[in-house]
Amino acid sequence: MSPRLYLDHAATTPMLAQAMAATMEGMQRWANPSSPHGDGRAARAALEDARRRIAAAYGWAHELILTSGASESLGIAMQRSVVERRLITAVEHDAVLRLGEGAGVLPVTPGGVLDLAALAAALEGAGRTLVCVQWANSETGVRQPIAAIAAVVHGTGGLLLVDAAQMPAHADAELLHHADLVAVSAHKRGGPPGIGALLVRDLGVLLPTGGQEKGYRAGTENLPGALGYAAAVAVPEDLATMARLRGRLEAALTGAGGIVVGAESARSPLIGAYRMPGVSSAAQLIRFDLAGVAVSAGSACSSGSMRPSHVLTAMGWTEPALREVVRVSFGRSTTEGDVDRFAALWRATFAEARTRAA
């Protein structure tokens, strides 16, 4: 029997050995980094060194608030930014949709890219506005044009928040030049769960609440998590290889009748979404899982829901097509053999479905 094949790295990816070792080291440092005694000061020094290494891995030269993950980072940015209004795109992650209650919602093109004309119109006369966009969509991998969006937002004095949970470290120097706030997460980069960060260009745009992290987050600092995060992002991700593997998979699937979601748009090499015409996502997931292959039908926070994908709906997809899409996401451990195995299973599943329907 073949070993299980994991192709759901966008949900979470296995911890790297380096991250495990660093996290274990942190667990042996029992002192509270906020304590004034010698043990506490040593823990503080280790925490600040981890903070510097995480920031350096992302190429970020400004402030970095350690959090419990991207969702909390987004919550701090969305709820405590000093703005008069908030705007989000219609394809944001479920966490942003929940946090953005009352926010204006911006449309996207059929390719999943923010409509810049609609953004400009929404910002006109709106006062200082926070605009939140994903670096890459967690369901489709579609990338947003960060520089172009930033030009529109900053032209009206607004702030740009980027949900970069799916962004590898050092993947986008453009983002670092243009974003005001960036939410990132460790467990999608080979680090431990329960740790993330909010990159902040100017702390003055956020309301402090007291406590740790310079008064912007309360709670004892997660030193083991920070050390594990720093170790993980120090290990580069081979995006060129991931792009080649994704291209190999897509050639196989489209050749067999599959449809690539957002094929006309710039996309992250780590995420692909594919429609199997006539076969529901649920049926595909069951078939794949029984065959020992783990993929998903969207982001991990919503893949268990029976409701249709809000991302595909915003891109203009309708029933039944939007219920026939699965997400495949790649990681450091993904190989050419993995891609070929999944492609063969996908083709066999599609062929069986067509035979039954005939």
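One-based numbering along the sequence shown.
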Task: Between CG on residue L119 and CG on residue L106, distance to nearest 0.5 Å - done: 5.5 Å
Task: Side chain proximity check, N137 to E92, heavy atoms < 4.5 angstrom - done: no
Open item on the list: So that I can tick it off, tell me whether R275 and E324 are bridged by a salt bridge, with the cut-off set at under 4.0 angstrom between side-chain N and carboxylate O.
Closed with: yes
Open item on the list: Looking at H170 and A57, would you say the former's side chain and the latter's main chain have a donor-acceptor pair under 3.5 Å?
Closed with: yes
Open item on the list: Connecting only ILVMFWY residues whose side-chain heavy atoms lie within less than 4.5 Å of each other, what is the rest of V235's hydrophobic cluster?
Closed with: L16
Task: Smallest separation among heavy atoms of L5 and R341, with atom names - done: CB-NH1, 3.7 Å
- [ ] Sequence neighbours left out, what pairs pass side chain to side chain donor-acceptor pair (under 3.5 Å) with at least one residue falling in residues 72-82?
- [x] T67-S73, S68-E72, E72-R217
TODO: Please name all residues satisfying salt bridge (Lys or Arg N to Asp or Glu O under 4.0 Å) with E25, sequence neighbours left out, ordered by chain then number.
DONE: R29
Open item on the list: Is there a side-chain contact between M315 and V261 in this structure, where contact means two heavy atoms from C-beta onward sitting under 4.5 Å apart?
Closed with: yes
- [ ] Over all heavy atoms of both residues, which pair between A148 and L116 is shortest? Give the atoms and the distance, please.
- [x] CB-CD1, 3.9 Å
- [ ] Using the test side-chain contact (heavy atoms from CB on, under 4.5 Å), find all partners of A294 that sit at least two apart in sequence or belong to another chain.
- [x] R4, Y6
Task: Sidechain-backbone polar pair: R41 side chain, P36 backbone, donor-acceptor under 3.5 Å - done: yes
Open item on the list: Taking side-chain contact (heavy atoms from CB on, under 4.5 Å) as the definition, give me every residue that meets it alongside T335, ordered by chain and number, with sequence neighbours left out.
Closed with: D338
TODO: Enter the distance from S329:OG to H9:NE2 here, rounded to the nearest 0.5 Å.
DONE: 6.5 Å
Task: Fellow cluster residues of V82, listed by chain then number, with links counted only when side-chain atoms sit under 4.5 Å apart - done: L207
TODO: Just do the side-chain contact (heavy atoms from CB on, under 4.5 Å) check on V182 and V184 with the steps written out, would you?
DONE: CA-CA 6 Å; V182 184; V184 290; 4.0 Å; yes
Task: side chain to side chain donor-acceptor pair (under 3.5 Å) contacts touching residues 143-167 (sequence neighbours left out) - done: R143-D172, H154-D180
Open item on the list: Are T89 and V131 packed together at the side-chain level, in the sense that at least one heavy-atom pair is separated by less than 4.5 angstrom?
Closed with: no
Open item on the list: Nearest 0.5 angstrom please: W346 CH2 to Y274 OH, how far?
Closed with: 11.0 Å
TODO: Find the distance between CZ (R51) and OH (Y229) and round it off to the nearest 0.5 Å.
DONE: 12.5 Å
Open item on the list: Please say yes or no: joined through hydrophobic side-chain contacts below 4.5 Å, possibly via intermediate residues, are L270 and V293 part of one cluster?
Closed with: yes
Open item on the list: For a quick test of reading the model, state the closest non-hydrogen atom pair linking S265 to G111 and the distance between them.
Closed with: OG-O, 2.8 Å
Task: Full working for side-chain hydrogen bond (donor to acceptor under 3.5 Å, both in side chains) between S35 and N32 - done: CA-CA 5 Å; S35 297; N32 188 321; 4.6 Å; no
- [ ] Apply the test side-chain contact (heavy atoms from CB on, under 4.5 Å) to residues V133 and I146: give CA-CA distance (whole Å), side-chain angles for both, the deciding distance (0.1 Å), then the verdict.
- [x] CA-CA 8 Å; V133 299; I146 299 299; 4.0 Å; yes
Task: Test log, rule side-chain hydrogen bond (donor to acceptor under 3.5 Å, both in side chains), inputs S138 and H93 - done: CA-CA 7 Å; S138 55; H93 190 275; 4.6 Å; no
Task: Any E84 side-chain heavy atom under 4.5 Å of T129 side chain - done: no
Open item on the list: Can you tell whether the side chains of R201 and E63 come within less than 4.0 Å, N to carboxylate O?
Closed with: no
Open item on the list: Can you pull out every salt bridge (Lys or Arg N to Asp or Glu O under 4.0 Å) where at least one residue sits in residues 250-259? Sequence neighbours excluded, please.
Closed with: R246-E250, E250-R267
Open item on the list: Quick check: is M15 connected to L7 through a chain of hydrophobic side chains (ILVMFWY, heavy atoms under 4.5 Å apart)?
Closed with: no
Open item on the list: Measuring from atom CE of M242 to atom CZ of F330, what distance do you get when rounded to the nearest 0.5 angstrom?
Closed with: 8.0 Å
TODO: Any chance you could lay out the side-chain contact (heavy atoms from CB on, under 4.5 Å) test for D94 and H310, step after step, and finish with the verdict?
DONE: CA-CA 9 Å; D94 274 11; H310 71 278; 3.2 Å; yes
Run the side-chain donor-acceptor check on residues 221-228: report pairs under 3.5 Å with partners two or more places apart or on a different chain.
unit_1 : atom_1 : unit_2 : atom_2 : d
E221   : OE1    : S34    : OG     : 3.2
E221   : OE2    : S34    : OG     : 3.0
E221   : OE2    : R44    : NH2    : 2.7
N222   : OD1    : G225   : N      : 2.8
N222   : ND2    : G194   : O      : 3.4

Open item on the list: Quick check: closest heavy atoms across E237 and P168, and the distance to 0.1 Å?
Closed with: OE2-CB, 3.4 Å
Open item on the list: For the residue pair S296 / R327, report whether a side-chain donor-acceptor contact shorter than 3.5 Å exists.
Closed with: yes
Open item on the list: Connecting only ILVMFWY residues whose side-chain heavy atoms lie within less than 4.5 Å of each other, what is the rest of I88's hydrophobic cluster?
Closed with: I65, L74, I76, M78, V83, V96, L97, L99, V105, L130, L159, L161, L181, L198, V200, L203, V205, L206, Y216
Task: Minimum heavy-atom distance A314-V108, with the two atoms named - done: O-CG2, 3.6 Å
Task: Whether over 12 other heavy atoms sit under 6.0 Å from E319 CD - done: yes
- [ ] Would you check if W317 and P110 make a side-chain contact, meaning some heavy-atom pair closer than 4.5 Å?
- [x] no
- [ ] Could you check if a side-chain atom of R244 sits within less than 4.5 angstrom of a side-chain atom of E336, using non-hydrogen atoms only?
- [x] yes
Task: Of all pairs that satisfy side chain to side chain donor-acceptor pair (under 3.5 Å), the ones with a partner from residues 347-358, not counting sequence neighbours - done: R287-E352
Open item on the list: So which atom in R86 and which in G100 form the shortest heavy-atom distance, rounded to 0.1 Å?
Closed with: NH1-CA, 4.0 Å
- [ ] Supply the atom-to-atom distance L253 CG to F342 CZ, rounded to the nearest 0.5 angstrom.
- [x] 6.5 Å
TODO: Assess whether side-chain contact (heavy atoms from CB on, under 4.5 Å) is satisfied between T140 and I271, documenting all intermediate values.
DONE: CA-CA 6 Å; T140 65; I271 301 173; 6.0 Å; no
Task: Polar side-chain atom of R332 near backbone of R189 as donor-acceptor pair, under 3.5 Å - done: yes
Task: Check: Q284 side chain, V326 main-chain N or O, donor-acceptor pair, under 3.5 Å - done: no
TODO: For the residue pair K188 and T13, establish whether any side-chain heavy-atom pair is separated by less than 4.5 Å.
DONE: no
- [ ] List, by chain and then residue number, the residues other than V113 in its hydrophobic cluster (Ile/Leu/Val/Met/Phe/Trp/Tyr, side-chain heavy atoms under 4.5 Å); write none if there are no others.
- [x] V142
Task: Flag side-chain contact, heavy atom, 4.5 Å: L64 against I54 - done: yes
